[in-house]
Amino acid sequence: MAFMVKTMVGGQLKNLTGGLGVREEKGESEKSPAEAQGMTREEYEEYQKQLLEEKIERDAVYTQRKAERATLRTHFRDKYRLPKNEVDDAQIQLAGGDVELPKELAKMIEEDNEEEEGRSSVIGQLSSIQNLDLDSIKGKAQSTLDDLKQSAEKCIVM
């Protein structure tokens with residue numbers, strides 16, 4: 001009901017005042033962005049420069065982090081012989097091409113590589129088997145080798 005009264009009376013009021021209220025509204029909306037924020041023009045320009053610099057800095061940090069992650073993914077793709085991803089290569093090149101992993105990640109990868117190298121050797125594989133006495137196996141292997149040397153010395157052909 002109040003809406004109906006306002007629309008009927010409001011339209012009539014605008015006609016009587018000749019639209020003076022409309023001009024005042026336009027005057028208020030024609031303020032510059034600096035005045036709207038309560039700053040001088042120079043302050044507003046400086047503020048905009050600071051915002052732009054901060055945005056550029058954030059974008060640079062973000063790009064660097066994306067490149068670090070892409071480097072890590074590339075490392076694991078190489079390690080496990082997975083197909084390469086062109087998006088990761090592009091991200092690395094966007095960051096300058098020479099992206100280093102964070103120290104913590106590099107340390108973790110180095111530890112993983114050392115563990116895998118240990119597992120890849122024969123003794124590393126044997127150590128993973130439970131209830132296996134490596135000392136006795138080494139002793140038996142050494143005694144067998146010594147026996148072979150002695151029998152080779154006794155051999156007339158050699």
Side-chain angles (χ1 to χ4, degrees), residues 2-3 6-7 22 24-158:
F3 175 73
K6 184 177 180 181
T7 54
V22 175
E24 290 176 12
E25 291 174 9
K26 286 183 180 178
E28 291 174 6
S29 65
E30 290 178 4
K31 285 185 179 179
S32 68
E35 292 173 353
Q37 299 249 345
M39 300 181 206
T40 64
R41 184 174 183 193
E42 293 81 25
E43 289 175 338
Y44 184 73
E45 288 175 0
E46 183 65 30
Y47 175 71
Q48 290 298 324
K49 283 181 185 177
Q50 286 177 344
L51 287 178
L52 183 63
E53 289 173 3
E54 289 173 1
K55 182 182 183 310
I56 290 171
E57 188 176 324
R58 279 193 315 269
D59 289 345
V61 169
Y62 180 69
T63 302
Q64 180 68 25
R65 286 186 182 158
K66 283 178 73 173
E68 288 173 356
R69 292 183 197 118
T71 303
L72 184 65
R73 287 190 298 269
T74 303
H75 167 75
F76 283 118
R77 282 194 181 96
D78 291 342
K79 181 178 177 180
Y80 295 111
R81 298 181 185 134
L82 297 173
K84 292 187 177 185
N85 189 347
E86 294 176 16
V87 174
D88 287 343
D89 293 338
Q91 286 177 350
I92 293 170
Q93 288 179 357
L94 273 175
D98 188 26
V99 178
E100 293 183 13
L101 292 175
K103 292 178 183 178
E104 301 158 352
L105 290 175
K107 186 184 283 186
M108 289 172 50
I109 290 172
E110 185 177 322
E111 290 173 359
D112 287 346
N113 288 342
E114 288 174 2
E115 288 178 15
E116 287 186 16
E117 287 175 7
R119 290 183 198 150
S120 65
S121 68
V122 174
I123 294 178
Q125 292 291 331
L126 291 176
S127 65
S128 65
I129 299 173
Q130 294 178 352
N131 300 327
L132 184 66
D133 187 15
L134 285 178
D135 293 329
S136 65
I137 291 176
K138 286 181 184 177
K140 288 179 185 179
Q142 189 64 36
S143 65
T144 304
L145 187 61
D146 291 339
D147 290 342
L148 285 173
K149 284 182 182 178
Q150 288 177 359
S151 60
E153 290 173 1
K154 293 179 185 177
C155 182
I156 301 171
V157 177
M158 295 189 106

Problem set entry | Glu114 side, atom CD; Glu110 side, atom CD - distance, nearest 0.5 Å | 5.0 Å
Problem set entry | Distance (rounded to the nearest 0.5 Å) between Tyr80 OH and His75 NE2 | 7.5 Å
Exercise. Under the side chain to side chain contact (heavy atoms under 4.5 Å, CB included) criterion, do Leu72 and Ile109 qualify, and how do the steps go?
Worked result: CA-CA 9 Å; Leu72 184 65; Ile109 290 172; 3.4 Å; yes
Exercise. Roughly how far, to the nearest 0.5 Å, is the OG1 atom of Thr63 from the CZ atom of Arg65?
Worked result: 11.0 Å
Sequence neighbours excluded and cut-off under 3.5 Å, please list the side-chain donor-acceptor pairs for residues 43-51, or say none.
| residue | atom | partner | partner atom | Å |
| --- | --- | --- | --- | --- |
| Glu43 | OE1 | Thr40 | N | 3.1 |
| Tyr44 | OH | Gln48 | NE2 | 3.2 |
| Glu45 | OE2 | Arg41 | NE | 3.4 |

Exercise. With a 4.0 Å cut-off, would you call Arg77 and Asp88 a salt bridge?
Worked result: yes
Problem set entry | Exercise: identify the closest heavy-atom pair between Ile92 and Ala67 | CG1-O, 4.0 Å
Seminar exercise, completed: CG of Asp59 to NZ of Lys66, rounded to nearest 0.5 Å, is 10.0 Å
Exercise. To the nearest 0.5 Å, how far apart are CD in Glu53 and CD1 in Ile56?
Worked result: 7.0 Å
Problem set entry | Within 6.0 Å of NZ in Lys107, more than 12 heavy atoms from elsewhere | no
Problem set entry | NZ-CG distance between Lys79 and Asp112, expressed to the nearest 0.5 angstrom | 5.0 Å
Problem set entry | Contacts of type side chain to side chain donor-acceptor pair (under 3.5 Å), residue Gln91, not counting sequence neighbours | Arg73
